[in-house]
Amino acid sequence: MSFSFGRELRLCSAADFKQVFDHTDIKVSNRHLLILARENNLDHPRLGLVIAKKNIRFANGRNRVKRHIRETYRLNQDCLGNLDIVVLARRGLGELESSEINKLLTRQWSKLHQKLGDRQAKEQASQQKQQLVAS
RNA sequence: CGAGUUGGCUGGGCAGUCGCUGUUGGUGAAUUUUAAUUCACUGGUGGAGGAAAGUCCGGGCUCCAACGGGUAGGGCGCCAGGUAACGCCUGGGAGGCGAAAGCCUACGGAAAGUGCAGCAGAGAGUAAACCGCCUAAGUCUUCAUUUCGGUGAAGAACGGUAAGGGUGAAAGGGUGCGGUAAGAGCGCACCGCAUGACUGGUAACAGUUCAUGGCACGGUAAACCCCGCCUGGAGCAAGACCAAAUAGGGAUCCUAUAGGUGUGACCCGCACUGGAUCCGGGUAGGUUGCUUGAGGUGUCUGGUGACAGGCAUCCCAGAUGAAUGAUUGCCCAAGCUUGUGUAUGACUUGUCAUAUACCGGCUGGACAGAACCCGGCUUAUAGGCCAACUCGACCU
């Protein structure tokens, strides 16, 4: 169990972001935010944030939202396998109370975890099928 | 104690747990050349603001060959001082507001020129007769009178008049007396105004001062304009460097002292250079700039003050897909509230209203986030604290 949040757990270049946008495997969406994710070749998840000035006007609010996303990500990272994740803020997220944001995010992370589990199960099933066919 | 004015300070605190980031020490590992670099673990120690914001001014710094001259454009505008500089600040003057403390002012020139002014009103810029007042002098008519020259009265036109009414934001000094046909700075006195002297003040400017002038010169310059002063442009995505990749091209056309580029206001000057079009290739990433500075704190000296100088002492964020956080508990400020007590007022004489104290419960932090750095301005801001001053009430 790890709660650290170092540089290797973030998306740090435009190329990484582009990978996620172009080949999205999993999508989790909500009225206030949108999460895109894609499996990577590492043994840990990576997080990137897209908080547009258009959607949250003041720098103060943007910082607040980013901190909450990072914090909840940090606490839930063990559930997230080896995904590259990009979180996009939508309009209205800045108006929510801090506790509401936290609740919302925890829910979204668990949803993402579920979808990842489904996907992996599916893959395993198909692999088994292939093996069966091959044998 | 209440009402107010001005200036300044503060912008929740403590502890635990889990994190982010700068720096520094230790241990281990890897690479190579002593040592350095990178990574991991671990200990210490820093880590948003008064506005970090708006990007409205002024600087530093960097580049544009150097920033040279001129024009245009832009900015500023009472005086003196402060400052690296400013459109900022301080002190003073003038005008306006307030009972006062105090506050506000885009505050040069309208006697160089041009322009502009709705409605109302007769007239709005070398003033103007709508109502009103007057009809003296000169003219005409009628009547009376006559010594036949005139004289008197009434009326009329021509005309005079800015005192009164009316219009308007504004009608070309005000009040009084004289004067007059009625009036009028027409004359005089006082007040105001203008010009010149004198006095005070560095100056803006001021004056129970003197002289002169009957008074001219309406407003508007955040309208053009004139006068004085200031001003080259772009910005840290400035700029410099490292490693790596690609290229050191191809085709067509034009040309010989002009053209182009620098040059992003224009001209001159200067510097560099064959040029134009199309095709192809190509700018991913990292380091630096990057925080020691017109610096902070304390104290002394000079100055009314802004501020300046001396001495001592301190080092106080440097992120870059962008750190400075999350959560739990307690405390403090504040708000709401059940209950209890006290005081005052009202009356339906035990209820209601207001103020205040205590115990408990609940809620619970304003505006807002560095991005090269400073000095200002402007705007946002829950509250809390301090000082000085003004006015009012009460007590001594």
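Below, chain A is the first sequence line, B the second, and so on; all start at residue 1.
Mapped onto RNA chain B by nearest heavy atom, A:His68 and A:Val50 fall at different nucleotides, with A:Val50 at the one closer to the 5' end.
Using Watson-Crick or G-U wobble geometry with both donor-acceptor distances under 3.5 Å, B:rC347 finds its partner in B:rG350. The partner of B:rG87, taking Watson-Crick or G-U wobble pairs whose two distances both stay under 3.5 Å, does not exist in any strand shown. Of all nucleotides present, none satisfies the Watson-Crick or G-U wobble test against B:rA203 with each distance under 3.5 Å. Nucleotide B:rA153 forms a Watson-Crick or G-U wobble pair with B:rU142, both donor-acceptor distances falling under 3.5 Å. Checking B:rG235 for Watson-Crick or G-U wobble geometry (two distances, each under 3.5 Å) identifies B:rC61 as its partner. Using the Watson-Crick or G-U wobble rule with both distances under 3.5 Å, B:rG2 pairs with B:rC391.
Following rounding to the nearest Å, A:Leu49 (CG) and B:rA322 (P) show an atom-to-atom distance of 6 Å. With rounding to whole Å, A:Lys66 atom NZ is found 15 Å from B:rA326 atom P. Going from atom CZ of A:Arg70 over to atom C1' of B:rA323 covers 8 Å, rounded to whole Å.
Side-chain atoms of A:Arg90 come within 3.5 Å of backbone N or O of A:Asn30 as a donor-acceptor pair.
Applying the salt bridge (charged side-chain N to carboxylate O under 4.0 Å, His left out) rule to pairs touching residues 80-89 of chain A yields A:Arg46-A:Asp84, sequence neighbours excluded. Within the structure, every pair that satisfies the salt bridge (charged side-chain N to carboxylate O under 4.0 Å, His left out) test and touches residues 23-37 of chain A, not counting sequence neighbours, is listed here: A:Asp25-A:Arg119.
Atom P of B:rA136 sits at a distance of 22 Å from the matching atom of B:rC130, rounded to the whole Å. The P atoms of B:rA317 and B:rU297 are separated by 14 Å, rounded to the nearest whole Å. Between B:rG364 and B:rU327, the distance separating the two P atoms is 13 Å to the nearest Å. One P atom belongs to B:rU83, the other to B:rC374, and the distance between them is 22 Å to the nearest Å. The separation of B:rG196 from B:rA111, taken at their P atoms, amounts to 16 Å, rounded to a whole angstrom. When the C1' atom is compared between B:rA265 and B:rG232, the two are found 11 Å apart, to the nearest whole Å. B:rG11 and B:rC331: their P atoms are spaced 24 Å apart (whole Å).
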What are the atom names and distances for every N/O pair under 3.5 Å that joins the protein to nucleotides 364-370 of chain B?
unit_1  : atom_1 : unit_2  : atom_2 : d
B:rA368 : N7     : A:Asn60 : ND2    : 3.1
B:rG369 : OP2    : A:Asn60 : N      : 3.1
B:rG369 : O2'    : A:Asn63 : ND2    : 3.3
B:rG369 : N7     : A:Asn63 : ND2    : 3.4
B:rG369 : O6     : A:Arg67 : NH1    : 3.1

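Contacts of A:Asn60 classified as side chain to side chain contact (heavy atoms under 4.5 Å, CB included), with partners at least two apart in sequence or in another chain: none. Listed by chain and number, the residues in a side-chain hydrogen bond (donor to acceptor under 3.5 Å, both in side chains) with A:Arg64 are A:Ser98 (sequence neighbours excluded).
The rotation axes computed at either terminus of the helix from B:rC20-B:rG47 to B:rU31-B:rA36 lie 0° apart, taking five pairs at each end and rounding to 10 degrees.
A donor-acceptor contact under 3.5 angstrom links the side-chain atoms of A:Arg74 to the base of B:rC18.
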Give every donor-acceptor pair under 3.5 Å between a side-chain atom in residues 104-112 of chain A and any protein atom, sequence neighbours left out.
unit_1   : atom_1 : unit_2   : atom_2 : d
A:Thr106 : OG1    : A:Asn102 : O      : 2.5
A:Trp109 : NE1    : A:Thr72  : OG1    : 3.0
A:Ser110 : OG     : A:Arg107 : O      : 2.8

